[in-house]
S.K.: 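After the structure tokens below, expect a handful of questions from me.
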Amino acid sequence: MPPKKTEQFETRAIHAGQAFDPTTGSIIPPVYFTSTFVQDGIGGFRNGYEYTRGGNPTRTSLETLIASLEGAKHGLSFASGLAAEDALLRALLEPGDRIVLGNDVYGGTHRLIERIHGKWGVENVVVEMSDLAAVSKAVAGGKTKLLWLETPSNPLMKISDVAELAEIGHAAGALVVVDNTFASPYLQQPLALGADIVVHSTTKYLGGHSDVLGGAVVLDDDALEEKVRFLQFASGGVSGPMDAWLTVRGIKTLAVRMDRHSTNAQAIAEHLVGHPALDAVYYPGLPTHPGHELAKRQMKSFGGMISVALKGGPKAARKFAESTEVFQLAESLGGVESLIGYPSEMTHASVKGTALEVPENVIRLSVGIENVDDLLADIDRALPRK
Ligand SMILES: *Cc1c(COP(=O)(O)O)cnc(C)c1O
């Protein structure tokens with residue numbers, strides 16, 4: 001039974017695109033490990049399946065699920081978040097077009113737009129997304145095809161107003177893209193707020209277990225979908241069946257995981273406020289965060305990502321990142337296990353010397369769903385006393 005539109009998020013996360021196998025009753029749909037599909041006579045495709053680059057039932061199942069969770073008509077799944085972004089950019093941009101993006105988007109997004117698409121004549125302009133006047137100015141002039149934002153942003157957890165920015169983008173004739181990786185569709189629904197397109201690194205919260213890479217493009221418009229679908233087929237950065245299946249399996253528990261990520265992160269952020277070793281705690285769940293009221297309006301809760309700035313500078317920051325035991329030192333985020341990272345040398349090394357550079361005293365925490373007392377004790381052990 002395909003889930004009804006009226007069913008709630010948690011129910012759709014478990015059932016959308018997940019009909020049981022009609023031949024055996026297997027409650028979990030099989031993983032379709034196949035590169036090609038037998039035809040009933042030339043061109044006689046069964047349910048439209050011809051060759052796995054063009055479509056595979058396990059990938060369809062993930063695409064149906066992600067579209068349902070974002071409240072969208074179409075979902076397209078890719079081998080990684082950056083493969084999804086690249087397909088979207090190539091489907092929609094031409095030489096001479098401009099893309100306006102936030103000054104703290106994911107470093108790899110900036111690298112892709114600047115160093116790959118820049119070579120093909122796509123211009124980019126980096127702006128501070130909370131400065132609405134600056135955004136209006138950057139998108140003006142008719143050349144801007146895409147306005148690209150990420151909220152909460154990485155790693156400083158800035159919150160941008162999706163509804164306001166969508167209006168500004170649309171007034172200038174641009175499509176508005178939101179990278180919803182940090183919030184996940186459980187906490188934030190950008191299309192409902194007015195955005196046109198959502199992208200995800202499903203590697204993070206959607207997959208949720210640090211065991212698979214993936215990306216997605218989600219949108220409503222049929223003509224846009226056709227363009228991105230063509231790029232997906234024609235350039236081939238698709239997710240394989242096993243990757244799609246692992247992601248589907250991870251998504252089933254998204255709601256309960258996000259609830260726990262959020263409550264753990266809230267407790268840790270509150271505990272860290274005023275800590276003598278810290279200059280700042282960046283978490284939108286803190287009432288002192290400049291985006292707190294906005295985040296309360298556009299998110300269900302505040303998510304699992306926290307950054308802190310250490311008073312002792314880069315040396316103290318590195319020492320902290322190398323001293324925790326439950327929080328493991330690694331790239332990435334959004335898994336059930338807690339991770340700690342040093343953005344300026346790790347996730348954001350590629351944006352050193354650009355407008356997206358991250359201060360060298362900042363440490364990023366991806367708060368997992370372990371027992372919060374163990375996480376607090378781990379941080380307290382690793383942070384300097386003053
Ligand atoms: C990780 C990440 C990406 C890139 O996704 P990959 O799956 O690593 O290619 C894009 N945006 C954000 C916000 C990310 O965290």
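Both ligands and their constituent atoms are indexed starting at 1 by order of listing. As the structure is a prediction and not an experimental result, all values here were calculated from the model.
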S.K.: Classify the ring geometry of Tyr106 against His348: parallel below 30°, tilted from 30° to 60°, perpendicular beyond 60°.
M.R.: perpendicular

S.K.: For Phe37 together with Tyr51, are the ring centres under 6.0 Å from each other?
M.R.: no

S.K.: Compute the ring centroids of His200 and Tyr205, then answer whether they are less than 6.0 Å apart.
M.R.: no

S.K.: Could you tell me which residues satisfy ring-ring contact (aromatic ring centres under 6.0 Å, His included) with His271, sequence neighbours excluded, listed by chain and number?
M.R.: none

S.K.: For the aromatic rings, using the six-membered ring if either is Trp, is the centroid distance between Phe302 and His289 under 6.0 Å?
M.R.: no

S.K.: Could you tell me which non-hydrogen atom of Phe33 sits nearest to which non-hydrogen atom of Pro241, and how far apart they are?
M.R.: CD2-CB, 4.3 Å

S.K.: Using a cut-off of under 3.5 Å, which N/O atoms of ligand 1 pair up with protein N/O atoms, and what distance separates each pair?
M.R.:
unit_1: ligand 1; atom_1: 5 (O); unit_2: Ser201; atom_2: OG; d: 3.0
unit_1: ligand 1; atom_1: 7 (O); unit_2: Gly81; atom_2: N; d: 2.8
unit_1: ligand 1; atom_1: 7 (O); unit_2: Ser201; atom_2: OG; d: 2.8
unit_1: ligand 1; atom_1: 7 (O); unit_2: Thr203; atom_2: OG1; d: 2.7
unit_1: ligand 1; atom_1: 9 (O); unit_2: Gly81; atom_2: N; d: 3.0
unit_1: ligand 1; atom_1: 9 (O); unit_2: Leu82; atom_2: N; d: 2.9
unit_1: ligand 1; atom_1: 11 (N); unit_2: Asp179; atom_2: OD2; d: 2.7
unit_1: ligand 1; atom_1: 15 (O); unit_2: Lys204; atom_2: NZ; d: 2.7

